[in-house]
Amino acid sequence: MNTGIAIAHAGQGGGAPHLLDEHLRAVAALAASHLNHDPLARELARLAGLWHDLGKYRTGFQRYIRMVAEAHIEGRLPQGSDKSHSAAGALWAAQTLKERLGPQGLVLARVLQYVIAGHHAGLDNWEGGLKGRLAGFDAARELAEARQGGPAPELLAPAVLNLPDLKQLPLGRNGIEEIPGRFALWLRMLFSALVDADFLDTEAFMSPGAAQARQADALPMSCLRGVFDDYMARKAEAVQAAGQTDTPVNRRRAEVLAACRAKATGAPGTYTLTVPTGGGKTLASMAFALTHAERHGKRRVVMVIPYTSIIEQTAAVYREVFAPLGDDVVIEHHSNAESDERDENARSRLACENWDAPVIVTTSVQLFESLFARRTSRCRKLHNLANSVLVLDEAQLLPVEYLQPVVDVLRLLVRDHGVTVVLCTATQPTLTSQPLFGGKGLRGYGPGEVTAIIDDEAGLYAALQRVRVHLPADLKTPQPWSVTTEALMPHEAVLAIVSRRADARELYEGLKRELPTGARGLWHLSALMCPQHRSEVIADIKAALVARREALARGDEAEPVRVVSTQLVEAGVDLDFPVVFRALAGLDSVAQAAGRCNREGRLAMGEVHVFVPPKAPPPGLMRQAAQTCARVWDGCGDRDPLALERIAAYFRHLYADAELDRKGICEALRLQIDRQEQALAVRFRDASDAFRLIDDKDAATVIVRYHSARCREDVNVLLRMLERDGPARWLMRKLQRYGVTIYQHDLKKLVAGGDVRELPQVPGLYVQTESDVFYDPVVGAQVGGAPGDPASYMA
DNA sequence: AATAAAAAAAAA
């Protein structure tokens, strides 16, 4: 029995409490408004909002919430309090809808049950999860208690049950080819609408400052497009003033831009933008997105980019473009984003929570892990994806082992949620349906489902061709390092990219031996060097390339620039060498490597040499990619190994051979209709747990003691702060600059050898001990045998 | 018996 009116949240500092009736009404209205484009989902969201916190009317919960408010006085949480409150609403939904709509009502209630029961703990499996949990409650008692708490009658029984026909429920085929995760995505959107509304209404009560900061005048897309066009016009004028309009590259860039604007008026759907490196993709894709959004009433543009290093460059470009409209137009959402540490209510920080901004720039990990997530915090942004333009940059990096669920979800966003998808890359993956015997192969895009933005891709590639690729006569027989070293030596400006960190080390040492003692102009790059170290070396290399070019232009003697690297330079690092060597790898990797060659088009043709290193790439996808590439090149003769049709063939073969849903995500998300229980069974928890784009179960991070004149901060000082004050977020982010990822088996040896120890303050995080043998100032962390140890050269 | 690089990390 309650004394007084039920509350949703206690008042702050003696202020008035948040009334539960009001919270439910507000969440219902807000959740419904999030799904205006989907009438059935909108009305279910309204009901979910009204009922999600019914359990809070129970006496036990009201006692709990009031005692928590006083807990800081008592210094402990009260005994016998009951804070679980998400079941009552789910039980109420089933009872009420069944009473009012019959069996159809129960089916609709099943949808609400996932959403309401999960609004705190996250979406769960039906079998072995939600089903059992709901059955474990005494429904009659639970609901009686909630009614006693005095909810306003219209909350329990809304006068208008404006529910469209059950046929609207996306259960199965519904006239289009079946995609198993269709219902799951639709339901997740509903979940997103509810939890975001719940978060927002609670925030409005708890921290009005934050709610205030969220309010921003919605900028119409026409306004963004206008500012963008002005920027592009100024840029074109500058090119003209410099008298460079008629260079082949600038002419082609202008054509790409024009094609993007022209095709943007086409119907919403899936588009590909296939443009070689240097074709002006970053701005052209934005031109497409804005023009399309304005034309078709899309609400926002979401740019998805695989690596944070590329994001920072891209976001900086967009920031400059939209600067006349203020700082809040472009929101960068990723782990490295510089959010203002002091301002809890910074709009940029708040917008990251639910992607409520006109232009979002984010990582593919953020996007895809959110699309398969079960947690409230991760899902709340999803409803804001509906009716947006989603641009996926570097589309060739879509994760092969999750390709099937990823392609499914992209197609569903387009079909059911008003999204237009643009796949951008220089090496377009073949995502059309390739069903093979035995059910293998990709269930992908059908004929006519995808529109190419560039009409004459082959012509564009021919016009922008800047390299000649040389294949070895024999792609099957590995060559010893001495052969590669010998081929590299005559080149004074050369980049060699290998597939293994140990290879980078070995080739570097080999070149060093060939060169005179103390010779300058040789660098090593791999992820065994910490990010700070890598940044400094890359900066040095860029400076050396500039110095060399200037010296040659003057006719002076120039320092050589030789770099041995792993594939870390292939994405987002804009080095430019006249000659590039690449160890046999996936065709897309080789194409990326070729993108580092004659990048600025200073030479008539750059030279790219593919070689077969002594050791095959590690087993798994990398090896499969290299083998597939060799197969596609077999009999290639003197035709271009990177021609468009070869890229298409490569992806066709790769996807035909690879496991495209290694974790069984599609099956977990497939709707199983249990007619007896009238249940809609989906395994949300399993899918979410299995969807991990970055697998780090065998990896550990070691903070190394890297020092240089250019380090802004001293690792030792940071580590002392960590040991004294524990892992603050800002501190961990700074330390990330000095982290190296190594494998567990190496870690064990290093710990045993006393080179590395675990930090008691952060279990699972390791630091280099004061001994400095572990980290070499040139090649970084020493793992897998000492340098020059003959054992590391053996099979 | 070996393994590139990549990202993220708090809820109402």
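Atom set for the values below is all heavy atoms of this structure, side chains included, hydrogens, waters and symmetry mates excluded. Chain A is the first sequence line, chain B the second, and so forth, proteins listed ahead of strands; every chain is numbered from 1. Computed from a prediction, not measured in an experiment: that's the story for all the values here.
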His85(A) NE2 - dA12(B) P separation (whole Å): 9 Å
Identify whether any heavy atom of Ser526(A) sits under 4.0 Å from a base atom; if not, whether one sits that close to sugar-phosphate; answer base, sugar-phosphate or nothing. sugar-phosphate
Taking N and O atoms by type only, does the side chain of Gln567(A) place a donor or acceptor under 3.5 Å from a partner on the base of dA4(B)? yes
Spacing between Gln736(A) atom CD and dA7(B) atom C1', to the nearest angstrom: 8 Å
Any base atoms under 4.0 Å from Phe199(A), or only sugar-phosphate, or nothing? Heavy atoms, all strands. base
Select base, sugar-phosphate, or nothing to describe what Arg692(A) touches, counting heavy atoms under 4.0 Å on all strands. nothing
Nearest whole angstrom, please: distance from the C1' of dA4(B) to the CG of Leu584(A). 15 Å
Ignoring hydrogens and angles, state whether a donor on the side chain of His9(A) or His23(A) is under 3.5 Å from an acceptor on the partner side chain. no
Can we say Glu353(A) and Arg214(A) salt-bridge, meaning some charged N sits less than 4.0 Å from an Asp/Glu carboxylate O? yes
Taking the side chain of Tyr743(A) as its heavy atoms from C-beta onward, which of dA7(B), dA4(B), dA12(B) lies nearest to it? dA4(B)
Once you apply a heavy-atom cut-off of 4.0 Å, does Glu570(A) come out as touching a base, just sugar-phosphate, or nothing? nothing
NZ/NE/NH1/NH2 to OD/OE distance under 4.0 Å, Lys615(A) and Asp503(A): no
Consider the side chain of Thr202(A), meaning its heavy atoms from C-beta on, and name the nucleotide among dT3(B), dA7(B), dA12(B) that approaches it most closely. dA12(B)
Please give, in whole Å, the distance from dA9(B) C1' to His333(A) NE2? 11 Å
For the side chain of Arg596(A) and the backbone of Gln592(A), is there at least one donor-acceptor N/O pair under 3.5 Å apart? yes
Does Asp201(A) reach a base, just sugar-phosphate, or nothing at all? Heavy atoms under 4.0 Å. nothing
Can you figure out which of dA6(B), dA12(B), dA7(B) approaches the side chain of Arg534(A) most closely? dA6(B)
Name the nucleic acid region contacted by Arg623(A), choosing base, sugar-phosphate or nothing; use a 4.0 angstrom heavy-atom cut-off, strictly under. nothing
Go through Ser499(A) and Arg582(A) one step at a time and tell me if the side chain to side chain contact (heavy atoms under 4.5 Å, CB included) criterion holds. CA-CA 9 Å; Ser499(A) 300; Arg582(A) 183 59 168 99; 3.4 Å; yes
Assign His120(A) to base, sugar-phosphate, or nothing according to its heavy-atom contacts below 4.0 angstrom with the strands shown. sugar-phosphate
Output the rounded distance in Å from CE (Met622(A)) to P (dA6(B)). 12 Å
What is the distance, rounded to the nearest whole Å, between atom CD1 of Ile694(A) and atom P of dA8(B)? 8 Å
